[in-house]
Amino acid sequence: MKKIFYILSIIIISQFTGCIVFNSVSYEVNVNEDGTGSALLIIEDINTDATTEEAINEDVKSILEHGLKSQSFVDDMKGEGKIITSRNVIVENEKLNAIVSYEFSEISKVEGLQFDDPYYYLTIPVEDSIISTNGQITKTSEYKRIVWDKSIKTLKFKMYSD
């Protein structure tokens with residue numbers, strides 16, 4: 001899960017003076033037979049923990065100018081194997097949300113998802129909270145894992161932020 005938050009930080013901002021925080025993140029990952037596919041990422045209730053007006057403005061600028069408009073964001077994601085197809089921020093129920101769609105050439109480019117025939121899986125720290133998934137959750141004392149049979153072509157999961 002820590003990797004997910006690191007990548008989301010890159011998605012939303014490059015440099016900031018406060019911290020961008022959010023309530024939850026969800027993924028819908030469509031996988032093709034050859035392992036390529038597309039992902040829809042929804043980040044809900046984006047906010048800042050900045051305490052000064054200047055820091056708050058800098059965080060807002062980072063989200064809107066870097067994450068939403070800049071070519072450098074698209075280039076950064078391409079370097080990670082994610083080809084951005086759309087990105088948007090919306091206000092819904094007085095909360096700021098971000099929606100990012102991208103294509104990938106390998107499932108491992110999607111937040112550490114793995115494929116070990118006949119299963120897709122995502123392993124996260126035991127302390128992370130899974131809100132929902134269409135996969136099966138297994139837990140050990142060391143980690144949680146979401147597992148999907150390869151017959152499932154849309155892998156879904158939603159998690160709370162730390």
Side-chain angles (χ1 to χ4, degrees), residues 1-14 16 19-49 63 66-68 73-162:
M1 188 65 180
K2 301 250 186 263
K3 182 178 178 183
I4 291 172
F5 290 114
Y6 169 74
I7 292 171
L8 291 176
S9 295
I10 292 172
I11 289 173
I12 297 173
I13 56 171
S14 62
F16 52 86
C19 279
I20 303 292
V21 295
F22 52 92
N23 181 27
S24 62
V25 59
S26 63
Y27 282 85
E28 285 190 23
V29 181
N30 295 301
V31 185
N32 301 320
E33 291 294 325
D34 64 358
T36 64
S38 62
L40 172 67
L41 166 67
I42 301 173
I43 307 165
E44 297 177 349
D45 196 9
I46 302 168
N47 216 319
T48 179
D49 66 358
I63 292 169
H66 180 72
L68 184 60
F73 167 76
V74 173
D75 295 342
D76 291 345
M77 294 300 99
K78 186 175 184 179
E80 293 182 16
K82 300 172 185 176
I83 308 303
I84 301 297
T85 56
S86 70
R87 54 190 166 156
N88 198 7
V89 293
I90 60 169
V91 176
E92 187 173 39
N93 297 324
E94 298 184 19
K95 296 179 181 178
L96 182 66
N97 301 323
I99 302 168
V100 179
S101 296
Y102 62 89
E103 295 176 350
F104 56 88
S105 60
E106 299 173 35
I107 192 70
S108 62
K109 302 298 182 187
V110 183
E111 311 320 332
L113 280 166
Q114 298 294 313
F115 180 69
D116 189 6
D117 203 1
Y119 301 106
Y120 294 100
Y121 64 92
L122 175 67
T123 304
I124 60 172
V126 70
E127 62 272 4
D128 287 350
S129 298
I130 301 167
I131 298 171
S132 64
T133 182
N134 66 339
Q136 298 294 315
I137 300 171
T138 60
K139 300 176 187 177
T140 72
S141 60
E142 296 149 3
Y143 61 83
K144 290 180 189 174
R145 182 171 284 161
I146 305 172
V147 180
W148 297 268
D149 183 87
K150 74 176 181 181
S151 66
I152 299 173
K153 296 304 176 195
T154 302
L155 315 177
K156 298 178 183 180
F157 60 99
K158 183 174 183 177
M159 303 177 79
Y160 278 115
S161 171
D162 283 329

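Index from 1, following the sequence. Below, each value reflects all heavy atoms present in this structure, side chains not excepted, and no hydrogens, waters or symmetry copies.
- Among Ile46, Leu96, Asn47, the single residue meeting the side chain to side chain contact (heavy atoms under 4.5 Å, CB included) criterion with Phe22 is Ile46.
- Of the inter-residue distances, the one linking Ile42 atom CD1 with Asn88 atom CG reads 11.0 Å to the nearest 0.5 angstrom.
- Panel note: side chain Ser101, backbone Thr85; no donor-acceptor pair is recorded below 3.5 Å.
- Ring geometry for Tyr27 against Phe157 counts as parallel: the plane angle stays under 30°, on a 0 to 90° scale with 60° as the upper cut.
- Pairing each heavy atom of Lys150 with each of Asp117, the nearest pair is NZ-OD1, 3.0 Å.
- The two residues Ile152 and Thr154 make their nearest non-hydrogen contact at CG2-O, 3.4 Å.
- A 6.0 Å sphere centred on OH of Tyr119 holds no more than 12 heavy atoms belonging to other residues, nucleotides or ligands.
- Among residues at least two apart or in separate chains, side-chain hydrogen bond (donor to acceptor under 3.5 Å, both in side chains) pairs with a member in residues 131-140 are Asn134-Trp148.
- Residues Gln114 and Ser108 share a closest heavy-atom pair of NE2-CB, 3.8 Å.
- In this structure, Ile124 and Ile146 have side chains that are not in contact, with every pair of non-hydrogen atoms separated by 4.5 Å or more.
- Between the side chain of Asp34 and the backbone N or O of Thr36, at least one donor-acceptor pair lies under 3.5 Å.
- Rounding to the nearest 0.5 Å gives a distance of 9.0 Å between CG of Leu122 and CZ of Arg145.
- For the pair Ser129 and Lys144, the tightest heavy-atom approach, listed with the atom from each and the gap, is CA-NZ, 4.1 Å.
- How far CG of Leu113 is from CG of Leu155: 6.5 Å, rounded to the nearest 0.5 Å.
- Put simply, the side chain of Ile83 does not reach to within 4.5 Å of the side chain of Met77, judged on heavy atoms.
- One N or O on the side chain of Arg87 and one on the backbone of Gly67 form a donor-acceptor pair closer than 3.5 Å.
- Taking CD1 of Ile99 as the start and CG of Leu40 as the end, the distance is 7.0 Å to the nearest 0.5 Å.
- For the residue pair Cys19 and Asp49, the shortest heavy atom distance occurs at N-OD1, 2.7 Å.
- To the nearest 0.5 Å, atom OG1 of residue Thr123 and atom OH of residue Tyr143 are 6.5 Å apart.
- Judged by distance alone, the side chains of Glu44 and Ser24 do bring a donor and an acceptor atom under 3.5 Å apart.
- Judged by the 6.0 Å distance and 45° axis criteria, Lys82 is positioned over the aromatic ring of Tyr102.
- Asp116 is linked by a side chain to side chain donor-acceptor pair (under 3.5 Å) to nothing, counting only residues two or more places apart in sequence or in another chain.
- A salt bridge links Glu33 with Lys153; the closest basic N to acidic carboxylate O contact falls under 4.0 Å.
- With sequence neighbours left out, Asp45 forms a side-chain contact (heavy atoms from CB on, under 4.5 Å) with Asn23, Lys95.
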